[in-house]
Amino acid sequence: MTDATEDIPSVDYVEGSGVPIRGNDIDTDQIIPARFMKVVTFDGLGEFAFFDLRFDDDDNQKDHPFNEERFQDANVLVVNDNFGCGSSREHAPQALMRWGIDAIIGEGFAEIFAGNCLALGIPTVTADHETIDALQQWVDDTPDGDIEVDVAAETVSYGGNEIGVSVDSAQRQALVEGIWDTTALMKSNENAIAETADSLPYVDQTRDEIRSDD
Amino acid sequence: MSQNTLYDKVWDRHKVTTLPNGQDQLFVGLHLIHEVTSPQAFGMLKERGLEVARPDLTHATVDHIVPTGNQDRPYAEDAAENMMVELEENVRDAGIQFSDPTTGDQGIVHVIGPEQGITQPGKTIVCGDSHTSTHGAFGALAFGIGTSQIRDVLATQTIAMEKAKVRKIQVDGELGRGVEAKDIILEIIRRLGTEGGVGYVYEYAGEAIENLGMEGRMSICNMSIEGGARAGYVNPDETTYEWLEATDYFQERPEKFDELKPYWESIRSDDDAEYDDVVHIDASELDPVVTWGTTPGQGIGIHDPIPAPEDLADGKQDTARRAQEHMRVEPGETMEGYDIDVAFLGSCTNARLPDLRRAARIVEGREVADDVRAMVVPGSQRVQQAAKEEGLKDTFEEAGFDWRNAGCSMCLGMNEDQLEGDEACASSSNRNFVGRQGSKDGRTVLMNPRMVAAAAIAGEVSDVRELEEVQTA
């Protein structure tokens, strides 16, 4: 199992400055409009993050935190409730990651979005509305201020404050122990996978039959 | 913790092991793939020197970018052609069955799985598409996944997941005239919220659900994700088995049907199953539901007033204000009479044969309003063919609808079918997000397919029941 996980870094701690994106129910179509998904790699998606909220029809910049000079070095996104609702497109967290985001603090996240973030090693940690509101205000006032997201301890520290946050326990362990990229880990259970498959009445071919096809 | 529900049983049957972080590793019975979310996963697989573990349990189609007009290759749009070529190469190299447009079996991934009989009760089904919840209508445990998870499934035929809670949504009573499955799910989302289902799987039960055909059940399970629930399901019953028995899969393997039926029966939720939550809905109270805003939870009955933002819960007020500004609607008004420019009859929610049949009955002998462009995009080539043979194509075309080829089309505006400028669209699809249908100023009003037909004829959002005496299907 060590072999399966040795190349994956632990993400127990993220530090940097913040950028606030306000509003509940910010969906994946807003995070990355579908027309930018006509690609076969994720390269270069960062520039299209929140594109329609950042640019008008003539590509002029609109008011948006991702356009503001003071947030250009931010790597901690602070959002409200049900962030990332909508489609399963991993293009959404990929775009945010490629823009520079390493961690997201919010009131709540859509489930598939949070799972996609985990698969990229991006923590999605939660706190209540008042706590998030205060943090967003502080980030607005202190754009170059340092935020420390301690995934293992479930705390966020900024400007002399330390707030308690929640991290889903499986997410926390996966990030802290460096097992958030699950491919090799799961592949190492090949025998158990084959046993499960063979026990299911609807799976026509057994493992041996699959192999003999090769 | 739920116990003895279909969800618990199917989960247990597919559990391979518990991973070190506490998640379970689940075996995947069917992996559906399409051109938009899979190419990067195949790329990652190649980088790691891995092969597709179970091509026999993987099935591909092309739906998101496929043109619904001229489908001659190469496609007019280079980006679409590139994605198609990439998918063709990936499935060929891996030996994955591909329902491409030359087969006559192509269509939206959530239409073709059930159509071909590969969507079955008691299977775990995943796809890089959030509307994979559709397949739950058959009593499968089906959910959308991201591209890194597609990589995992391609490489191992398993997925790492945490068990969710189960909420039973008991829908009793009979649907009134002109009210459909779509109205039930829009009402559920309105009541429980777009985030209300996060952490839950929804079990849809009760008289109103049992009385629905498979297509109606699919419409409901389809939009589970709009309510925040990653998966939704209906326990399999005779309606389910009748559908399955008629599919290619079981027509070719009749012995398999008898062999699997006891398994399907065994995974039904027990009568004394325990749920984490139970919600009751009275179907008889519903009117056709339409959305007034920019989330699927912002719905109202056709004669109900649009709510004032300040009357909504704290967390919903800002979203409602922005939505009302975008949609240009005022609190206190109803949506009846809201001018539309486009009518879109399509999507994995409502583009199956019965949907088109019901809508065709509304448009028959009528004409699409001046200045409205109306289109029908069948959910699959088979739906398209069957509809044509029944004369539905002629009915729609005579009324002034544009009859197109199968695909996702204007549901998400990834091909040539898009809203322009601030056009308003009466849509049988599932999402009214800003920008969803291809124009960031576009305005989407979600509704059932008959209501879309009525809106196309009237040129404005209308109560279909007033347009014509109709029978509930």
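Each chain gets a letter, A, B and so on, in the order the sequences are listed, and its residues count up from 1.
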Side chain from CB out, backbone as N, CA, C, O: work out which of these in [X] comes under 4.5 Å of a heavy atom of chain A, or both, or neither.
X	answer
B/Thr17	side chain
B/Tyr200	backbone
B/Lys15	backbone
B/Thr18	neither
B/Ile159	backbone
B/Thr295	side chain
B/Leu260	side chain
B/Thr319	side chain
B/His131	neither
B/Asn430	neither

| Are any non-hydrogen side-chain atoms of A/Phe71 and A/Phe66 less than 4.5 angstrom apart? |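 The answer is no, as the side chains (C-beta and beyond) never meet within the 4.5 Å cut-off.
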
| request: Using only heavy-atom distances, determine whether the side chains of A/Asp102 and A/Asn75 contain a donor-acceptor pair under 3.5 Å. | output: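 Yes, because at least one side-chain N or O of A/Asp102 sits under 3.5 Å from a partner of the opposite role on A/Asn75.
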
| said: Can a side-chain donor-acceptor contact be found between B/Thr444 and B/Gln437 if the only test is distance below 3.5 angstrom? | reply: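 A donor-acceptor contact under 3.5 Å links the two side chains.
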
As an exercise: rank [options] by heavy-atom pairs under 4.5 Å with chain A and give me the winner.
options	value
B/Lys256, B/Gln418, B/Met83	B/Met83
B/Glu35, B/Lys123, B/Glu259, B/Met161	B/Lys123
B/Cys127, B/Gly228, B/Gly199, B/Gly435	B/Gly199
B/Gln23, B/Glu86, B/Arg322, B/Glu226	B/Glu86
B/Asn415, B/Thr194, B/Asp441	B/Thr194
B/Val36, B/Ile150, B/Thr37, B/Asp318	B/Val36

| query | Relative to B/Tyr249, does B/Arg253 satisfy both conditions: NZ or CZ under 6.0 angstrom from the six-membered ring centre, and within 45 degrees of the ring's axis? | reply |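 That pair qualifies as a cation-pi contact.
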
| request: Tell me, with the steps shown, if A/Thr124 and A/Phe83 meet side chain to side chain contact (heavy atoms under 4.5 Å, CB included). | output: CA-CA 10 Å; A/Thr124 48; A/Phe83 187 80; over 6 Å; no

| request: Determine, using ring centers only, whether B/Phe27 and B/Trp11 are less than 6.0 Å apart. | output: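 Not close enough - the centres of the two rings lie 6.0 Å or further apart.
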
